[in-house]
Amino acid sequence: MEFDFKKIEEKWQKAWNKEKAARAVTDPSRPKYYVLEMFPYPSGRIHMGHVRNYTIGDVIARYKTMQGFNVLHPMGFDAFGQPAENAAIKNNSDPEDWTLQCIDWMKKEMFRMGYSYDWEREVSTCLSDYYKWNQWIFLKMLEKGLAYRKASSVNWCPSCLTTLANEEVVQGGCWRCHTPVVDKELEQWYLKITDYSERLLEDLDILKNWPVRVLAMQKNWIGKSTGVEIYFKLEDGRTLPVFTTRQDTIFGATYVVLAPEHPVVKELIRNKPQEKEVSSFIEKVAHESRQVREAADVKKEGCFTGSYCLNPVTKEKIPVWVADYVLMGYGTGAIMAVPTHDQRDFLFAKEHGLPMRVVIQPKGVTLSADAMESAFEEEGVLVNSNAFNGVGNEEAKEKIAQWMEESRIGKKTIHWRLRDWLISRQRYWGTPIPVIYCDTCGVVGVSEKDLPVRLPEKVKITGEGGSPLNHVKNFVETKCPKCGKKARRETDTMATFIDSSWYFLRFCSPDEDQAPFKKEDVKYWMPVDQYIGGIEHAVLHLLYSRFFTKFLKDIGMLDFKEPFDRLLTQGMVLKDGEVMSKSKGNIVDPDGLLKEYGADTLRLFILFAAPPEAELDWSDTGMDGAWRFLSRVWRLVETCQEKKVTALASESAGLKNVRRKMHETVKKITCDMDGGFKFNTAISAVMELVNELYKLSSEEQGHPIALEAVQATVCLLAPFTPHVCEEMWQRLGSKESVFKSHWPTFSEKELQEDAAIYVIQVNGKVRSKIIVKLDADDEEVKRLVLSDVKTQEWIKGAVVKKILIVPKKLVSIVV
RNA sequence: GCCGAAGUGGCGGAAUGGCAUACGCGGCGGUCUCAAAAACCGUUAGGUUCACGCCUGUGUGGGUUCGACUCCCACCUUCGGCACCA
């Protein structure tokens with residue numbers, strides 16, 4: 001008999017909704033658990049990635065609820081952003097209408113998946129009661145000097161017609177549309193995330209329960225280099241600072257290279273024979289696209305400026321070159337070149353016949369500059385380095401840095417890869433930046449009492465570029481909050497990553513209207529105990545959220561350093577080994593599967609097929625397997641109902657076995673859940689228990705022990721497949737929800753077996769097995785092993801050197 | 001190049017240093033049926049043997065150990081991130 005999943009799922013979805021089963025209330029007398037999935041952009045439809053993400057979260061929420069925690073499991077929508085604008089252009093509609101419609105659709109699909117969200121806490125970032133607080137936080141940053149305006153070369157997406165943050169440029173392209181990004185000179189708003197570089201890096205150490213690869217990616221992105229800024233004297237007496245992490249090689253610096261954009265280049269070449277050549281080289285580089293310029297495999301080009309400078313330690317006159325492999329955007333835009341100990345310098349020096357000198361010798365070999373085929377970049381001992389000869393190069397780094405500071409030829413410096421966060425977007429559908437430009441007072445923040453600066457409605461979006469708000473006269477024209485004179489509003493909107501940088505705090509008190517959140521609510525619920533989302537946010541959203549949290553702590557709003565205690569990055573859902581995409585036409589639609597199999601089967605399969613953080617290759621037959629399993633459990637429950645527990649037959653071996661297996665299963669699953677949410681093995685353990693129950697005779701299946709095991713099965717499975725378990729729980733005679741029952745417990749005593757199977761190894765190979773009563777001592781075990789016929793054959797005619805006994809497991813004989 | 005992760009049956013994947021391949025999918029055989037589907041039962045790493053068995057097997061090569069998928073060393077491959085970062 002199969003179960004009617006459609007009826008059952010509808011029934012319980014309605015019931016849970018009616019009784020607000022997932023309502024969370026701040027209650028400091030109870031232990032809390034905050035589980036959060038990265039909220040979605042409301043595209044209107046949920047895809048397999050969403051299903052996986054939210055199913056993982058829902059299992060955790062339901063599991064923790066059954067364990068007695070006060071669980072906060074909210075959901076909302078990251079509702080600002082470009083797709084709504086694009087849809088509006090395409091359909092000639094309004095981004096707001098479109099977005100709200102999509103949210104509605106998505107909620108319905110989430111509802112049908114049986115997700116236990118506290119919908120009373122729903123948050124949509126496009127609503128003014130939310131984005132008001134984006135503006136409030138921005139103003140706080142403005143006040144602290146962390147929000148500032150700067151004219152600079154920025155990343156520009158020619159397709160989206162807006163600027164992008166560094167984090168939004170992926171392999172030279174726009175993170176949304178992959179169009180190659182170009183440089184543009186613009187004055188824009190930035191957030192000074194670089195003020196937090198050190199803390200963002202250091203506090204990664206606190207995050208013990210984050211995946212190592214996310215930690216590694218953040219560390220890479222922040223990119224700390226510790227070194228020295230060394231002062232080289234130019235011929236005209238001016239100082240040229242150069243940044244290096246290899247100050248130990250300074251005695252081997254035989255020339256200096258400037259980035260083509262370096263401001264001193266023009267002055268160096270003035271009236272020199274090289275002027276023309278260098279100018280045309282600079283011109284050429286300026287016209288190269290970023291992709292070409294930054295590709296690592298292209299040949300390094302450059303030319304001599306005709307000018308020299310002084311190596312501050314050797315006092316040698318060394319040539320100054322210009323080359324495209326030196327970037328203006330890092331360090332000082334100038335490097336000291338040590339061709340013997342840096343591969344790039346080596347190739348460049350060989351190409352242009354520049355001098356080379358070995359200053360680090362490896363152990364055992366003697367390097368000579370002429371014979372080298374590549375730079376020597378490993379550890380060694382200093383040579384040709386005056387007072388530092390004979391010092392190990394790692395030690396020399398510190399000593400030379402010290403000496404340079406003392407003799408004022410350099411200064412210990414740290415450089416970061418992380419750049420300030422560009423947040424201005426030339427788009428409509430986002431939070432207005434709450435700033436006013438006054439001819440008299442300059443840049444003035446909107447007063448707090450005037451928040452929110454509302455996004456004007458019914459704005460025409462043409463998609464032709466420029467901030468749409470620029471054309472909204474009654475928005476732009478305003479009065480200066482300081483002097484009252486006529487002034488203009490900022491018309492750019494904020495990057496949408498601002499919206500998601502603090503939404504987890506808003507969930508703690510979504511209705512608060514005096515502040516972004518209530519301190520006492522946040523104190524109780526935060527930090528998020530378990531955060532779940534895709535690896536694509538390893539840097540972007542997770543770095544920004546960490547930054548916001550640290551800032552809010554600094555202004556006294558929070559008392560913790562990191563927002564997310566544990567992070568689980570779920571793997572992607574693939575089809576035939578490939579990413580699902582519209583262009584490939586290989587999308588598996590959850591909607592169809594919901595209709596065919598129901599939510600429980602879909603949830604079960606997606607959790608069972610692979611560990612949550614691994615990639616999951618979609619399989620239709622796997623869905624059949626999940627369905628088959630649920631039907632098997634269903635039939636067990638039906639049998640229990642029919643039998644009504646009559647026969648109190650004596651405990652058969654099968655029943656004893658079932659009881660032990662039940663305790664084992666409870667232990668195994670509890671361990672799997674607590675030890676990192678290993679859902680796939682947890683589910684396989686329930687399958688094993690069910691298999692044991694199926695081995696019982698039909699008489700045995702009516703025994704209380706069997707019934708107890710069936711009840712445990714339903715409980716253990718409930719977080720995974722909530723609807724059918726709730727129904728089965730009711731059919732087994734309970735009036736309360738299965739989620740109000742306690743998570744099953746196990747007893748170590750029940751796990752005990754009467755006898756243990758000993759594996760017998762001879763010289764490391766398994767040769768036999770014997771069953772030994774538990775109370776047997778080592779001598780007894782030894783005697784039994786040696787009297788085992790099979791074992792005797794393997795040790796016949798040999799001298800037994802050693803017998804090792806691992807209690808209850810194994811005997812190892814060495815002959 | 002640097003950083004990180006991972007290599008186990010036909011497939012997805014299990015294994016605190018102790019029976020490698022749990023659980024599931026697929027395959028094969030059977031029960032039921034007029035038949036099929038569903039369901040249920042059995043079987044399923046490779047080689048070898050009539051058979052009991054035996055041998056070989058966790059990317060490759062070494063090492064530690066009574067015993068290694070697991071620990072150590074070297075290497076290969078795949079995937080992901082960063083990438084002319086000085």
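Spacing of C1' atoms, B:G1 relative to B:C69, comes out at 31 Å, to the nearest Å. Comparing the same atom, C1', in B:G29 and in B:A15 gives a spacing of 30 Å after rounding to whole Å.
Looking at A:Q343, its side chain has no donor and acceptor atom pair within 3.5 Å of the base of B:G1. Judged by atom type and distance alone, A:K809 reaches the base of B:U16 through a side-chain donor-acceptor pair under 3.5 Å. For A:T621 against B:C25, no side-chain N or O and base N or O form a donor-acceptor pair under 3.5 Å. A donor and an acceptor atom sit less than 3.5 Å apart, one in the side chain of A:K769 and one in the base of B:C19.
For B:U43, the paired base is B:G27 (Watson-Crick or G-U wobble, both distances below 3.5 Å). The partner of B:C71 is B:G63, by the rule that a Watson-Crick or G-U pair needs both atom distances under 3.5 Å. Nucleotide B:C32 has no partner under the Watson-Crick or G-U criteria, as no pair reaches both atom distances under 3.5 Å. Across all strands shown, nothing is found opposite B:A20 as a Watson-Crick or G-U wobble partner with both distances under 3.5 Å. Under the Watson-Crick or G-U wobble criterion, with both distances below 3.5 Å, B:A38 has no partner in any strand shown. Nucleotide B:A83 forms a pair with no other nucleotide shown, judged by Watson-Crick or G-U wobble geometry with both contacts under 3.5 Å.
Position along RNA chain B of the nearest nucleotide to A:N680 versus A:F243 favours A:N680 as the more 5'-ward residue.
Here the two rings, on A:F497 and A:W421, have centers that are 6.0 Å apart or farther.
In this structure, A:P260 and A:A323 approach most closely via the heavy-atom pair CD-O, 3.3 Å.
Minimum atom distance to the side chain of A:W794 is reached by B:C54, of the listed B:C54, B:A14, B:C23.
For A:K219, the NZ atom is loosely surrounded, since the number of other residues' heavy atoms within 6.0 Å does not exceed 12.
Checked against A:W221 for a side-chain contact (heavy atoms from CB on, under 4.5 Å), the options A:L543, A:L201, A:L200 give a single hit: A:L543.
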